[in-house]
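Contents: one structure, followed by commentary.
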Amino acid sequence: GIRDKLVTGVQTCALPICLVEDHWLLWLLGAYVVNQACMNLVRPMVSYRALALGVDAGGLGFLSAAFSVAPLVIALRLGRLLDTRGERPFILAGTVLMGLVALGLAATTSTALVFLLFTLFGLGHLATTVATQGMVARGSDERTYDQRFSAFSLSASIGQLVGPAIAGLVAGAGPDADTTQIGRAHV
């Protein structure tokens, strides 16, 4: 096969070989592409939704910050929980939370609820991201660690590219973009 040798002499695996070795990694990275696409779809859509509900420019700044409030408060505790309970429940819970929040964001007409829901969306994103990183780390050995984290970064980048494009297609163009489509686009 295609193999590289690092200066240290540690054998590494070419990326395609590492990915084929374990099907769980392919599924995990595919799921993370979808997760990142959804996150990067909802983030711009929620700003348009907030504008449609009358939030001003300063409020948009606070709304963007709301995404990071829960992660700031619980990130370390979440890491400890992942260490004791494993990653899978947090990937599932975070994904479900993000989906439900997206549906709530599409339906609400309350600016206060938009702020609360977007805070919860950030929590769901934190749970899935930290759990996915943990799963990649635990499932990698010295030979595959760097390549698998490179693949993880690539999957995030693909999702970050696709999400806003889908948001634009779903919402439409111009000042009459339909921000109620956040939930439909997320699903």
Does the side chain of [Y] come within less than 4.5 Å of [X]'s, by heavy atoms?
{"X": "Leu25", "Y": "Leu29", "answer": "yes"}
{"X": "Glu87", "Y": "Gln133", "answer": "no"}
{"X": "Leu126", "Y": "Ile74", "answer": "yes"}
{"X": "Leu113", "Y": "Leu116", "answer": "yes"}

Transitively linked via ILVMFWY side-chain contacts under 4.5 Å: [X] with [Y]?
{"X": "Leu78", "Y": "Val69", "result": "no"}
{"X": "Leu72", "Y": "Phe118", "result": "no"}
{"X": "Leu120", "Y": "Leu81", "result": "yes"}
{"X": "Tyr145", "Y": "Trp24", "result": "yes"}

Contact summary for [X] and [Y], nearest pair of heavy atoms:
{"X": "Val42", "Y": "Ala102", "result": "CG2-CB, 4.2 Å"}
{"X": "Gly159", "Y": "Pro164", "result": "O-CD, 4.4 Å"}
{"X": "Phe121", "Y": "Phe67", "result": "CD2-CE1, 3.6 Å"}
{"X": "Gly94", "Y": "Ala127", "result": "CA-CB, 4.1 Å"}
{"X": "Leu117", "Y": "Gly104", "result": "CD1-C, 3.5 Å"}
{"X": "Gly122", "Y": "Pro71", "result": "O-CG, 3.6 Å"}

Approximate separation, where rounding is to 0.5 Å, of [X] [atom1] and [Y] [atom2]:
{"X": "His125", "Y": "Asn40", "atom1": "NE2", "atom2": "CG", "answer": "7.5 Å"}
{"X": "Ser155", "Y": "Gln160", "atom1": "OG", "atom2": "CD", "answer": "9.0 Å"}
{"X": "Leu161", "Y": "Gln36", "atom1": "CG", "atom2": "CD", "answer": "12.0 Å"}
{"X": "Ile158", "Y": "Ser153", "atom1": "CD1", "atom2": "OG", "answer": "11.0 Å"}

TODO: Take atom CZ of Phe149 as the centre, draw a 6.0 Å sphere, and report whether it contains more than 12 heavy atoms from other residues, nucleotides or ligands.
DONE: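 Yes, the 6.0 Å shell around CZ holds more than 12 heavy atoms from other groups.
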- [ ] Can you establish whether the number of heavy atoms outside Arg138 located under 6.0 Å from its atom CZ is more than 12?
- [x]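 Correct, the count exceeds 12.
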- [ ] Using a strict 4.0 Å threshold on nitrogen-to-oxygen distance, state whether Asp141 and Arg148 make a salt bridge.
- [x] no
Using modelled atom types and a 3.5 Å cut-off, is there a donor and acceptor pairing between side-chain atoms of [X] and backbone atoms of [Y]?
{"X": "Thr108", "Y": "Leu105", "result": "no"}
{"X": "Arg49", "Y": "Val114", "result": "no"}
{"X": "Ser140", "Y": "Val136", "result": "yes"}

Open item on the list: Using the side chain to side chain contact (heavy atoms under 4.5 Å, CB included) definition, which of the options Thr132, Leu154, Ile91 pairs with Tyr32?
Closed with: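 Among Thr132, Leu154, Ile91, the one that satisfies the side chain to side chain contact (heavy atoms under 4.5 Å, CB included) with Tyr32 is Thr132.
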Task: Candidate list Val55, Leu60, Leu63, test side chain to side chain contact (heavy atoms under 4.5 Å, CB included), partner Val46, passing option - done: Leu63
